There are 2 protein chains.
Amino acid sequence: MEDNHIITTLGYALLALVARQASSGYDLAQRLKRPIGFFWSANPSHIYSELARLEKAGLITHQSIEQATRPTKKLFSLTESGQAALRDWVTTSVEPAPPHDELVLRAYAIWLADPDKAIQLFQRQKEYHKARLAEYRQILARIERTHEAGITVTMPEFGNYATLHAGIYSEQAALGWCHWMVDQFERHARQDPEQEK
Amino acid sequence: MEDNHIITTLGYALLALVARQASSGYDLAQRLKRPIGFFWSANPSHIYSELARLEKAGLITHQSIEQATRPTKKLFSLTESGQAALRDWVTTSVEPAPPHDELVLRAYAIWLADPDKAIQLFQRQKEYHKARLAEYRQILARIERTHEAGITVTMPEFGNYATLHAGIYSEQAALGWCHWMVDQFERHARQDPEQEK
DNA sequence: ATTCACATGTAAAGGGTTACATGATTGG
DNA sequence: CCAATCATGTAACCCTTTACATGTGAAT
C-alpha cells in the first residue's frame, strides 16, 4: 500500500509487461526474453523478488489461479497506481547511464595485442552482429506483414515495432564499427607484410 | 602474488591505463573520465579498492612518491604478469552482455503515454546525442591533425582513435533512432489532428 | 526411466554507487 | 576566508547474478 518505495528499472519492465497482459512470474520470465530481452534482461529469481516488492508497494496485485493439471500460479495485474506510475515513468527524461562496453574497452588496449588475434576477435563480433541484425529484420518483416494497415504510436504493437527499430539501428552501428576495425588491421597487414618474420 | 584471483572488467580498464603510463589512484580517476569514460566508468572509491585487489593479485606494484608540496602518492605500474594478463584479455572473445537500455524500455511502453510528452522525451534525447556526436567528431579531428602520418594499429594512440570511432558509430545510430521516433509521433499528430479535443 | 515444461521461491556473493572521513596546498 | 585540486581510503547499500531447493505432470 505504501508507495514511498523506489521502483527499479526492472520493476518498470515488469509493469510494462503486466500492462499488456496479466501474467505469472513464470510467464514474465518467458516474455522478458523476447523481445524485451534484446534491450533488458533479468533472471527468474530476480523477477520473483521484484514482483513481491511491487506488490508490497501496491503497484500490482495477484489472484491465485488453481489449475487442474499444472501447479497453482499467481496471476499478477496492474493496479491503478501501478498504471499511473508506469505512464508517468515512460516520458520522464533518461539521465545518460554510465556506459559499459567491454568490446570498446578492449579496443582501447588492442595496440598491445597480436594483430592476427585482434582480427579474429572483431571478425567473430561482426558475425554475431550480422546474425542479430538478420534476426531483427526478420521479426520486423513479420510484424509489418501482420499489421498491413500500419502501426501507430498508441498501439501496444508500437512498442515492439519501436524497439526492433532501435535494435536494427544499433546492430548496424556495431557491425559498421567492427567492419572498420577489421579493415584497419587488414590495412596494417598489407602495409607491413611479414613484419614479424 | 597469487594470480588465482578473477580480474574484473574495471580491473582490466585500470591495467589498460597503467600500461600506457604509471599513475596514482587519483590520476586514474581523472584519466578514466576521458576518453575511457565514454565507454567505461567508475567512481574513485571503487578505483582505490580495485587497485588494492590488483596489487594483491600481483598484477601491479606501487612505489610511494613523496612530494614537497602535495600529499604522498602511490604510483602504480604494471608487473610482467599484469602485462601478460592484459595482453591475453584484449583478444579474448566478448560474450554478449545482457543489454540494459532504459530508453528502449520506455519505448516499449510508450503507447501508454501522452504523445506530446513522448515527442519531448525523444527530442531531448536527440539533442543529447547530437551534442555527443559533435564532441567526438571534434576530438577525432584534433587527433587526426596531430598524427598526420597516420595512426596504425600498434600505436597506443590507436586505442583512442578506435574508441572514438566506436562512439561516433553508436551516437549516429542513437540519433537516427531518436529521429525516427520523433517522426513517428509527428506523423501520428498530422493524421490524427486534435484527436484529444 | 528420464528429461522437459510448468511453477515458485531463498540465500549468498559479486560488483557498482553513494556517502562519509581526513587532510594539505593553491588560487580567487 | 572559501572553494577547488590533490590524495587516499572505509562503510553501507543496492541491484544483479548464480546457486540452490522443491515439486507435479507430460512427453520421449
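To find a chain, count down the sequence lines: A is the first, B the second, and so on, and within it residues start at 1. Here the structure is a predicted model, which means the values were calculated and not measured.
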Between C:dG16, C:dT17, D:dC15, which nucleotide gets closest to the side-chain atoms of B:S41? C:dT17
A:T69 vs B:D27, nearer the 5' end of DNA chain D by closest nucleotide: B:D27
Between A:Y26 (OH) and D:dG23 (C1'), how many Å, whole number? 14 Å
Rounded to whole angstrom units, what separation is found between the CD atom of B:Q67 and the P atom of D:dT5? 17 Å
Between C1' of C:dG9 and CZ of A:F76, the distance in whole Å: 11 Å
Over how many whole Å does the gap from B:N43 atom CG to D:dC14 atom C1' extend? 13 Å
B:R20 NZ/CZ over A:Y108 ring centroid, <6.0 Å and within 45° of normal: yes
Anything under 30° is parallel, anything over 60° is perpendicular, the rest tilted; go ahead and classify A:Y161 against A:H165. perpendicular
Can you say whether a donor on the side chain of B:S45 sits under 3.5 Å from an acceptor on the base of C:dT18, or the other way round? yes
note: B:Y12, atom OH; C:dG16, atom P; distance rounded to Å ~ 13 Å
Taking the side chain of B:R70 as heavy atoms from C-beta outward, which of C:dT17, D:dG9, C:dT25 is closest to it? C:dT25
Would you mind reading off the distance between A:E50 atom CD and D:dC15 atom P, rounded to a whole angstrom? 8 Å
Name the orientation class of the two ring planes belonging to A:W89 and A:Y12 (parallel below 30°, tilted from 30 to 60°, perpendicular beyond 60°). parallel
Closest nucleotide among D:dT8, D:dC15, C:dT17 to the B:K73 side chain: D:dT8
Check B:K74 with B:E55, please: is the shortest side-chain N to carboxylate O separation under 4.0 Å? no
Answer with base, sugar-phosphate or nothing: what part of the nucleic acid does B:S49 contact at a heavy-atom distance below 4.0 Å? nothing
Nearest-angstrom distance from the residue atom CZ of A:R31 to P of C:dC6: 14 Å
Closest listed nucleotide, where the reference is the side chain of B:W40 and the choices are C:dG16, D:dC6, D:dT8: C:dG16
For B:H100, which contact category applies under a 4.0 Å heavy-atom criterion: base, sugar-phosphate, or nothing? sugar-phosphate
Tell me what B:P44 touches on the nucleic acid: a base, only sugar-phosphate, or nothing, going by heavy atoms under 4.0 Å. nothing
In whole angstroms, the gap separating C1' of C:dC20 from OH of B:Y48 amounts to 15 Å
Quick one: are B:E171 and B:Y136 in side-chain contact, heavy atoms under 4.5 Å? yes
